[in-house]
Protein chains: 2
Amino acid sequence: MSVTILDIAKVAGVSKSTVSLVINESDKVKLETRHKVWQTINDLGYVPNMAARALTTSRTKTLGLIFLTSDETSLPYAMDSVPETLLYDVTYGINACLRNTDYSLLTERFSVSGHAKLPDLIKNKRVDGVFLIGGLYDDAFINLVLKQGIHVVIIGRHQEGVDSVSVNANKVGYLGAKYLLEQGHKQIAFISGPAHSSISQDKQNGFAAAVAELGISMEQIYFMHSPYTGLGGYQTLKQLWNDGIKPTAIFGGSDGITAGIILFLYEQGISVPKDISIISYEESLLSTHAPFSLTVIDGHKIQLGEMACMTMINRIKKQNAQEVTLIIEPSFILRNSVRSLI
Amino acid sequence: MSVTILDIAKVAGVSKSTVSLVINESDKVKLETRHKVWQTINDLGYVPNMAARALTTSRTKTLGLIFLTSDETSLPYAMDSVPETLLYDVTYGINACLRNTDYSLLTERFSVSGHAKLPDLIKNKRVDGVFLIGGLYDDAFINLVLKQGIHVVIIGRHQEGVDSVSVNANKVGYLGAKYLLEQGHKQIAFISGPAHSSISQDKQNGFAAAVAELGISMEQIYFMHSPYTGLGGYQTLKQLWNDGIKPTAIFGGSDGITAGIILFLYEQGISVPKDISIISYEESLLSTHAPFSLTVIDGHKIQLGEMACMTMINRIKKQNAQEVTLIIEPSFILRNSVRSLI
DNA sequence: TTGAAAGCGCTAACAA
DNA sequence: TTGTTAGCGCTTTCAA
C-alpha cells in the first residue's frame, strides 16, 4: 500500500538493508549513499512502519502511564473524589518531554484490588516501559510488574530498587509552616492528608521541624487528617470548628482539601485573608482558580512528569545503570491569602 | 522469547492457523479442538503479539486522541490559560468505554498553525482512528486528516461529512436563561465565550430564545464575549462593572470563565447568592470545587467521550455506514447560587 | 561499504 | 474442519 524501504531501495539503487542502515543513522554508510537515500525517502514520502519495526526489534516505542485508582464510584470531578490534578499535570509534563522523541504515550486506569492482575498495557506488551502513578498500590503489585521485564518509573513516591521521581514532602510542610510562623501565626491547623499516607506524615514532620526551628510552641498546632478530597477538607475543618478550635491560619495538604476548606469558611462568612489565613500545597487548576489570590507551595508536577520521562528514556538507553531516585524540591509561591499578625 | 501460536499449535497438536482461527473466534473450528486450544493457551499463558498482528492486518487496535491547542506559552492550569477540563473528562469517558474493548488510547497534543503538518500519531500510522478535540483547527486541517484514510470522530462540534459528537449549545443558553428569568432576574450578564466561536454564538441564541419566549425585555440583557479563561471572565466582568453595569445575575459560559467571575465578585466583597446570582456552564472540577454551591448547566463531558468512543467503534465495524451526528442535551443541576427575586 | 537472506509472530487465501 | 504457505515491513547477522 504505502511506501516501504524496498521501494526506497529500488529507486535509490541500493539494497533494502542499506536503506535500513541509513534510517537508523548508521555511520557505516558512505555519505554520498546516505544523501541519496534520504533524498528518495523525502521524495517518496516514506514513513517507517512501526508495527514491522516493533516485530523485529520487539520494542514498541510506546510508553504507558498507568494510573492506579480505587474502584471508582463517583465522578472524577466530584467533591467527594480525589481530584486527578496530579495525573493531568504529570501527563502534560511527560507529553512535553516525549515530543522530542519517537515515543508515544498510552494511558490506562487500573485499580489494584488484591487480584494478581496486570494492566492490559503490560500484559499485551504494548509498551516498553510504564510510569506508575497514583496512591493505591502495594509492593506485591510493583513486584508483579517488575517481573515482566519492563522498565518502570514510579511517580510521586520512592520505592527501593525502582527508579522514582517524587516531591520532597517534608520540605512542603516545612516551607508552609515556616512562612505562616514568620507571619506571626501560632494557632495553625494543618490538614495534611490521609493518616495512613507516609507522604502526609512527611509533610507533618516537616511542619513540626519548622515549628521547632523557630522555637514556637506546638500547643496550638493542629495536625489533622483527611482524604485528599474537597469534601474531606470541608468536613475536617467543620469538625474542628464544632470542637471550638479556631486557628488563625489553615494549611491545606492538597488543592482539593483546600477547596473544601474555602467552601466551609465562606459558608461561615469568614473571609480570607482578613479573618483567617490560608495556604495550600500543590499548585493546580484548583489553586489558580481559587476565589482569591491563594498562596501556595508548588509541587512542580509538570516538572515531575518531565523528570520521570527523562528518567525513563535514560533507563531504556542504559538498562543497567544504577537505580535513579529523583527528589524535586517544592517552592513557595507568594500570593495574597495570608495576613501578617506581626 | 515468549509463547507464540506455534508453541500452542505444537502442544495442542494442531496447526498454526487453527490456533489463529480459534483466537479470532472463528466458529469454523470444531468445538472440541477449540476447547483444546484454549486450554493450552491458558496453560502456557499465551498472549498475542500485537506488533505481529498489526503487521499482517495493518490495524493497530489503537486509537488516538488529538488535542488541538494553540502554541502554548503559559502553564495549562494558569488563570490565563483555557482550562483543559474538556480534555480531562472526555478522556475519562473514552477510556471507560474502551475498557471493554481491545483498543488502547494514545494521546497527542498538536498545534495547528497554518503549516500543512499531521500529528505524529497519524503520520506514523500508529492508530486506526482519531478523536479530534479542542477549538483550534480549520477545514484544511480536517481535510488533510481525512485524506489519510483514517477514521475520524470530532468531539465538541459538528462538521459536515465527518462523524461528530457535540453538545447542544443552544440549549445550554436556553436552559440557563430560562431558569434565571423564572427566578425573576431581568438584568443579566451572559459571558458566553469568544466572539468568533460559533458555539458561543449558539449559546447566546438559545439565551435570546428563552428571553423571547418568556416575553421579557432584552434591554438589560448583556451579551459579553471573553476567552474561555479565568482571566477572561475576570476582566470582562470588571469592565462591565467599571461601565456602571451591575446585573442581578451572571451566567458564565464555561467553568473557567465563572471562576474568574467569582474572583472578581469576592474581590469586591459581593457575596453569592445574597448580593448577586451566578450560574455556570460545564460541570467540571472547577464548578464542583467552587466556594459555594454553584448551580450549573451540565455539559455531560464524560458521556461525550463515551459516545465518541462508541461512534468510533461502530465506524470501524461498519466503514460505510452513514455519517453519524450525535448531539448531547445539556441538563440542569440545581444547587444554590441563584437567589429568587420573586 | 554494501548486499543477501533469514526471521520476528501473525493472518488469510487456498488446498486438502 | 484443518493444514500449508505466502507474505506483512523491517532489522540484523553474515558474506562479499
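Since the structure is predicted, the reported quantities are computational estimates derived from the model, not experimental observations. Convention: sequence-line order gives letters A, B, ...; per-chain numbering from 1.
For A:Val167 against A:Gly299, the heavy-atom pair with the smallest separation is CG2-O, 3.4 Å. Closest approach of A:Ala51 to B:Leu55, counting heavy atoms only: CB-N, 3.8 Å.
Checking D:dG9, D:dG3, C:dC10 against the side-chain heavy atoms of B:Thr18 singles out D:dG3 as nearest. Checking C:dC10, C:dT11, D:dG3 against every side-chain atom of B:Asn49, the shortest atom distance belongs to C:dC10. Comparing C:dT2, D:dG9, C:dG3 by their closest approach to the side chain of A:Ala52 singles out D:dG9. Candidate nucleotides D:dT12, C:dG9, C:dT11 were compared by shortest atom distance to the side chain of A:Ser17, and D:dT12 ranks first. Here the side chain of A:Leu55 is nearest to one of D:dG9, C:dT11, C:dT1, namely D:dG9. Nearest nucleotide to the A:Thr4 side chain, out of D:dT11, D:dC10, C:dG9: D:dC10. Taking only side-chain atoms of A:Lys16, from C-beta outward, the nucleotide of D:dT11, C:dG3, C:dT1 with the closest atom is D:dT11. In the set D:dG7, C:dG3, C:dG7, C:dG7 carries the atom at the smallest distance from any side-chain atom of A:Thr56. Among the nucleotides C:dC10, C:dT2, D:dT11, the one closest to the side chain of A:Thr33 is C:dT2. Side-chain proximity of A:Thr57 to D:dG3, C:dA4, D:dT12: nearest is D:dT12.
Separation of atoms CZ (A:Phe141) and CG (A:Asp139) is listed at 11.5 Å; rounding is to 0.5 Å.
Here the side chain of B:Asp7 pairs a donor or acceptor atom with the backbone of B:Thr4 at under 3.5 angstrom. A donor-acceptor pair under 3.5 Å links the side-chain atoms of A:Arg34 to the main chain of A:Val29, judged by distance alone.
Taking a 4.0 Å limit (strictly below) on heavy-atom distances, residues 39-47 of chain A reaches DNA chain D at A:Tyr46.
Under the 3.5 Å distance criterion, with hydrogens and angles disregarded, a donor-acceptor pair is assigned to the side chains of B:His158 and B:Ser164.
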